[in-house]
Amino acid sequence: MKRFKKHYSKVLITISIVSFLIAVLFLPFFNKIYPNIYVAGIYVGDKNKSEALNYLQEKYKFQEKLILNINGSKNEILTSEIVEDVDYKSSVERAYNFAKSGNLFKDFITRFNLIFKTTNLSPIVRVNESKLLETLLILSNSAGTKPVTPSVKKVGTGVVVNPGKDGVEIDMNKARLDIGNWLSFGKTEDILIELKEVKVALNQAEIKNYEFNAEKLVNKKIELKLDYESFVINDEDLISFLTPTGFSDDLIKIKILEISRKLNRSPQDSVFIVENEKVKEFTSSKDGITVDENLLLKLIKEMQPEINIPVAKISPKIKNEDVNNLGIKTLLGKGFSNFRGSIPNRIYNVNLAQSKFKGVLVPPNETVSFNEILGDVSAFTGYKSAYVIMDGKTVLGDGGGVCQVSTTLFRAVLSAGLPIVERRAHAYRVGYYEQGFGPGLDATVYSPTTDFKFKNDTEAYLLIQPTINLDNLSLEFEIYGTSDGRVATTSKPIITSSSAPAEDLYQDDPTMPAGHVKQIEHRAYGAKVVFDYKVTRNGEELINQKFVSNYRPWRAVYLRGTAL
């Protein structure tokens, strides 16, 4: 019994001591910062947050200048150039919560220790990291011997390696840490900046290995594709990504970022306004696109020659089927062409002609005539004089460039799997229509004798929507409607025969000064080009058509001035 009473007394004494300590350590500082806590050497203990904030703002000051001592050379920097601000409020909040984690045992130990030992916290100082780094780099270049990083580049058909050069530079990590401490604790003494030796120069074996790896990339290329967008990473780019230890992720990411900026887009909601049986305003719903940069990096490093750019897609809130009752729901097909190198008048005509097709609605079972939609092509309807093919010659005529539009629409119709009623190829191969494509995918028009026609054999309306880009000189046609499950396949055009053009022809022109020469016809090989066009639906063959294009050879013709 005595032993029990003695044990019971000890427990009571222990509980009493703990209760006393809790009462002393917790209750008096319920809304205050705990004693013996400093911020940058400034005492904020025993104060509530408001009192501590005012006191810290009044007392905490750092020097207007800090002095960086590099090998005995003193360099002054204005503190205001590298400090953005001091977050007094967050600094006080951190001091207030220092012994108030919510864990009773942990807080008890922390507060008990604070009875015997002070704690000095640093204020939260926001530093302009880019400005600080820029300053340190300038000082490093002047104080040390700047190291030269090894590099390699393509020269002619080979490569040349720069082996690099060892140097001495500021120890950036330590310098940033020392400057941070100086700012945080309001120090006044000079900051001793240490230099470190940087060894980057390659030895002979490393140079040979670097050269060997770079030479393997000569004449290699990677083509990145997304829809009609295409980006080529050539051998010079690939070699520039190379370091002595392999491809640099950082260097490749710079290229990927450049591509991402061109492709990334937000989701686009649909807009559909019909007026007088024509779509006055149409914006197709489009998924948002974000390039998966990490996966693209992996694919590039694997050196795949062709890469479909990986993207994440975000659906729009309003889709095509939400805004119309004509069945304009789905993108059925699209066609694309470039016309880089066109003269200004041709560019003007392409733009004018494509505008005639904007918002055209095609009822079910109707045959579309390109010439009917286009209307009269002449100076009276606004077209300018540009080169056209007429009677076996390339001459200036009203509306040169209209065939760029018919060719692009032809490609969209092929993509959509619609029946083609009438199509004729050009007399000879035209460079505009082979930019990014093979020959044989063109369609010429010349009213009233030559037309391009196709039929809407679906059960819903079709919407024809062209988009022109006058910055990169490209044209795109999109055809919208209701998908009935058909799948269109166009084989790659094959040149089955080829014929060389005749010798260049020079013609005297007395209207041009003697010695002047002007090319009026460009040399082009003749060719017979064939491709197959097939459309199926649920195993049933709807269309099986062979397109044959016979291009005549075309010789170059030059005018030679003879006037004195």
Work out which heavy atom in [X] is nearest to a heavy atom in [Y]; give both atom names and the distance.
| X | Y | value |
| --- | --- | --- |
| F231 | K262 | CE2-CD, 3.8 Å |
| G417 | A488 | CA-CB, 3.6 Å |
| T408 | G335 | CG2-O, 3.5 Å |

Run the ring-ring contact (aromatic ring centres under 6.0 Å, His included) test against Y533 and tell me which residues pass, sequence neighbours left out.
none
Mark yes or no for whether [X], through its side chain, and [Y], through its backbone, hold a donor-acceptor pair below 3.5 Å.
| X | Y | result |
| --- | --- | --- |
| R537 | G485 | no |
| D451 | K453 | no |
| N349 | G400 | yes |
| S90 | D87 | no |
| T536 | G539 | no |

Going by the rule side chain to side chain donor-acceptor pair (under 3.5 Å), which residues pair with [X] if we only count those two or more places apart in sequence or in a different chain?
| X | answer |
| --- | --- |
| S240 | none |
| Y480 | S284, E478 |
| D457 | R486 |
| S151 | none |

Sequence neighbours excluded, which residues qualify as salt bridge (charged side-chain N to carboxylate O under 4.0 Å, His left out) partners of D227?
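Scan of D227 (salt bridge (charged side-chain N to carboxylate O under 4.0 Å, His left out), adjacent residues dropped) gives none.
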Using the test salt bridge (charged side-chain N to carboxylate O under 4.0 Å, His left out), find all partners of E258 that sit at least two apart in sequence or belong to another chain.
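E258 satisfies salt bridge (charged side-chain N to carboxylate O under 4.0 Å, His left out) with K255 once adjacent residues are dropped.
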Pairs touching residues 365-383 that satisfy salt bridge (Lys or Arg N to Asp or Glu O under 4.0 Å), sequence neighbours left out
none
Among side-chain atoms of [X] and [Y], is any donor-acceptor pair under 3.5 angstrom?
| X | Y | answer |
| --- | --- | --- |
| S130 | N128 | yes |
| S474 | N472 | yes |
| E81 | T135 | no |
| R424 | T444 | no |

Taking atom [atom1] of [X] as the centre, report whether more than 12 heavy atoms of other residues, nucleotides or ligands fall under 6.0 Å from it.
| X | atom1 | answer |
| --- | --- | --- |
| K286 | NZ | yes |
| Y461 | OH | no |
| K334 | NZ | yes |

Test of understanding: with side chain to side chain contact (heavy atoms under 4.5 Å, CB included), list the residues that count as partners of V360, not counting sequence neighbours.
K278, V362, I373, I464
Side-chain polar contacts of residues 496-505 - donor-acceptor pairs under 3.5 angstrom, sequence neighbours left out - could you list them?
residue, atom, partner, partner atom, Å
T496, OG1, K528, O, 3.2
S498, OG, G526, O, 3.3

Could you walk me through whether N456 and T458 pass side chain to side chain donor-acceptor pair (under 3.5 Å), step by step?
CA-CA 6 Å; N456 175 13; T458 73; 2.7 Å; yes
Taking the six-membered ring for Trp and the single ring otherwise, decide whether the centroids of F357 and F370 are under 6.0 Å apart.
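So the answer is yes for these two rings.
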Can you list, pair by pair, the side-chain donor-acceptor contacts under 3.5 Å of residues 542-549, counting residues two or more places apart and other chains?
residue, atom, partner, partner atom, Å
N544, ND2, E541, OE2, 3.4
K546, NZ, D532, OD1, 2.8
S549, OG, R423, NH1, 3.2
S549, OG, R423, NH2, 3.1

So do L296 and D292 actually touch side chain to side chain, heavy atoms under 4.5 Å?
no
Distance-only donor-acceptor hits, side chain of residues 431-443, under 3.5 Å, sequence neighbours excluded:
residue, atom, partner, partner atom, Å
Y433, OH, R346, NH2, 3.3
Y433, OH, Q404, N, 3.4
E434, OE1, R429, NH2, 2.9
E434, OE2, R429, NE, 2.9
Q435, OE1, R340, N, 3.4
Q435, NE2, R340, O, 2.9
D442, OD1, Y551, OH, 2.4
D442, OD2, H426, N, 2.9
D442, OD2, H426, ND1, 2.6

